[in-house]
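Position 1 is the first residue of the sequence; numbering continues from there.
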Amino acid sequence: MGKLVRMDLYRMWKSRAVVVCLILNFALALFNKPFEKLMYTLANIFSPEMNETFAAEAELSGILSDPFPLIGTMLVLLSLCFFFYADAENGYIKNIAGQMPMKGFTILSKFLASIVHNLIFAALGIIGNLIGSRIVQRIVVDGNIPDCIRVLVLRLLLLQSICAILLLVVATFRSKSLGIVLAVLFGLGLTALIYMGINAGLRPIFGQAADIIKYMPDSVMNEKPLETKKALLVAFVTGGVFLPLAIRIFDRRDVK
């Protein structure tokens with residue numbers, strides 16, 4: 001398993017799509033605050049009556065708790081879609097899976113490699129945001145850093161549970177197009193319409209109180225404040241359902 005994970009990590013960082021998404025993620029984080037200041041400046045020039053002022057200080061805790069500013073989350077998930085589908089797209093999944101005692105190990109390996117992938121994206125997102133903020137603001141070390149580290153860890157766990165969903169769709173069912181659609185919807189927070197449709201189907205059975213929106217990982221990620229118990233429960237239940245399902249189904253399928 002260790003060799004399989006190392007191989008996946010090697011292939012991951014040899015992927016142009018992953019590298020491009022990583023560079024874009026860093027660049028967007030870097031220019032996030034300078035661009036925000038530019039918008040404030042232009043607003044004051046063309047609409048002086050607004051009298052909008054750009055904050056001179058930025059709290060370090062806010063930067064640490066937001067590793068994927070702008071469309072960073074979407075870029076992370078799109079990068080993973082390209083990685084999850086690469087072995088099937090290039091035609092060597094059969095050779096890899098045939099060497100494993102269980103074909104499903106290849107799915108587990110991808111999930112473990114995605115943890116490293118997400119940590120690197122998060123680290124570069126924070127570094128880029130920190131540098132960009134420092135250019136136009138003074139960074140203030142505030143007392144909320146421990147709590148923001150808690151929020152960061154919870155968001156990464158929730159992101160990992162979303163990865164389990166993408167893994168099932170892209171690697172197990174081999175649907176790259178559907179995976180990309182889901183990555184965009186998850187990343188941009190556009191899944192509400194889907195959840196509303198599911199709620200409409202559940203309410204005749206479970207009553208009007210049925211609402212899955214507040215229990216979905218992408219929705220919980222954006223909650224403020226982010227509750228530890230709820231976030232952990234959602235992350236582990238989602239990952240605990242979709243990851244074993246992805247492994248089990250792939251292990252029983254013929255690899256072509």
Side-chain angles (χ1 to χ4, degrees), residues 1-35 63-64 66-93 95-97 105-135 152-153 155-189 218 221 243 246:
M1 176 58 72
K3 292 182 179 179
L4 186 58
V5 173
R6 287 195 295 272
M7 181 192 70
D8 276 331
L9 289 172
Y10 176 81
R11 290 192 301 108
M12 177 189 293
W13 302 115
K14 287 294 182 179
S15 167
R16 290 183 181 178
V18 173
V19 173
V20 168
C21 287
L22 184 63
I23 293 172
L24 286 175
N25 178 64
F26 177 77
L28 288 173
L30 179 64
F31 292 109
N32 180 34
K33 285 299 180 179
F35 181 75
I63 296 174
L64 293 177
D66 187 19
F68 310 118
L70 299 176
I71 60 171
T73 303
M74 184 187 75
L75 290 173
V76 173
L77 297 177
L78 284 175
S79 173
L80 286 172
C81 283
F82 293 119
F83 166 62
F84 289 159
Y85 194 71
D87 49 8
E89 188 172 46
N90 295 320
Y92 48 79
I93 179 61
N95 293 333
I96 298 173
F105 282 175
T106 60
I107 299 296
L108 179 59
S109 174
K110 288 182 176 63
F111 183 79
L112 295 175
S114 72
I115 297 175
V116 179
H117 171 280
N118 294 344
L119 289 174
I120 292 175
F121 267 76
L124 285 182
I126 291 173
I127 292 171
N129 200 4
L130 186 62
I131 296 173
S133 298
R134 184 64 185 85
I135 293 173
L152 174 62
V153 171
R155 285 181 174 171
L156 288 173
L157 287 174
L158 289 164
L159 178 65
Q160 205 59 44
S161 68
I162 295 175
C163 292
I165 299 175
L166 288 181
L167 195 57
L168 174 66
V169 173
V170 178
T172 300
F173 293 138
R174 299 182 194 173
S175 179
K176 181 181 179 181
S177 57
L178 179 56
I180 290 175
V181 171
L182 288 176
V184 172
L185 294 176
F186 280 131
L188 297 181
D218 56 314
M221 276 180 70
L243 179 59

Output, in order, the C-alpha distance, side-chain angles, deciding distance and verdict of side chain to side chain contact (heavy atoms under 4.5 Å, CB included) for Leu75 and Phe68.
CA-CA 9 Å; Leu75 290 173; Phe68 310 118; over 6 Å; no
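- Counting heavy atoms from C-beta on, the side chains of Ile126 and Leu152 come closer than 4.5 Å.
- Residues Leu9 and His117 have side chains not in contact (no heavy-atom distance under 4.5 Å, counting atoms from C-beta outward).
- Using a 4.5 Å heavy-atom threshold, the side chains of Ile115 and Leu119 count as touching.
- Side-chain N or O atoms of Ser109 include one that pairs as donor or acceptor with a backbone N or O of Leu4 at under 3.5 Å.
- The heavy-atom pair separating Phe121 from Val76 by the smallest distance is CD2-CG2, 3.4 Å.
- Of all heavy-atom pairs spanning Lys176 and Tyr85, the tightest one is CD-CD2, 3.5 Å.
- In this structure, the separation between CG on Leu156 and OG on Ser161 is 11.0 Å, given to the nearest 0.5 Å.
- Side chain of Asp218 to backbone of Phe186: no donor-acceptor contact under 3.5 angstrom is found.
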Evaluation steps, side chain to side chain contact (heavy atoms under 4.5 Å, CB included), between Ile162 and Leu158:
CA-CA 7 Å; Ile162 295 175; Leu158 289 164; 5.8 Å; no
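- In this structure, Asn32 contributes its side chain and Leu28 its backbone to no donor-acceptor pair below 3.5 Å.
- When side chains are defined from C-beta on, Trp13 counts as touching Ile120, because their heavy atoms get closer than 4.5 Å.
- Rounding to the nearest 0.5 Å places CG of Leu159 at 5.0 Å from CE of Met221.
- Contact between Ala29 and Gly125 at its shortest, heavy atoms only, is CB-O, 3.3 Å.
- Of all heavy-atom pairs between Leu178 and Ser175, the closest is CB-OG, 3.1 Å.
- The structure places SG of Cys163 at 11.5 Å from CG of Leu112, a figure rounded to the nearest 0.5 Å.
- To the nearest 0.5 Å, atoms OG (Ser114) and CG (Leu77) are separated by 10.0 Å.
- Nearest heavy-atom pair, Ala113 versus Met12, reported as atom, atom and distance to 0.1 Å: O-CE, 3.5 Å.
- Taking CE from Met74 and CG from Asn25, the interatomic distance works out to 10.5 Å, rounded to the nearest 0.5 Å.
- Within the 4.5 Å cutoff, side-chain heavy atoms of Asn118 are placed close to those of Leu80.
- Between the side chain of Thr172 and the backbone N or O of Ala246, at least one donor-acceptor pair lies under 3.5 Å.
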Let me see the working for Phe83 and Ser15 under side chain to side chain contact (heavy atoms under 4.5 Å, CB included), right down to the final yes or no.
CA-CA 7 Å; Phe83 166 62; Ser15 167; 5.9 Å; no
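- In this structure, the separation between CZ on Phe82 and CZ on Arg16 is 13.5 Å, given to the nearest 0.5 Å.
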Side chain to side chain contact (heavy atoms under 4.5 Å, CB included) for Ile23 and Leu124? Distances and angles first, verdict last.
CA-CA 9 Å; Ile23 293 172; Leu124 285 182; over 6 Å; no
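- Shortest non-hydrogen contact noted between Gly132 and Lys33 is O-CB, 4.0 Å.
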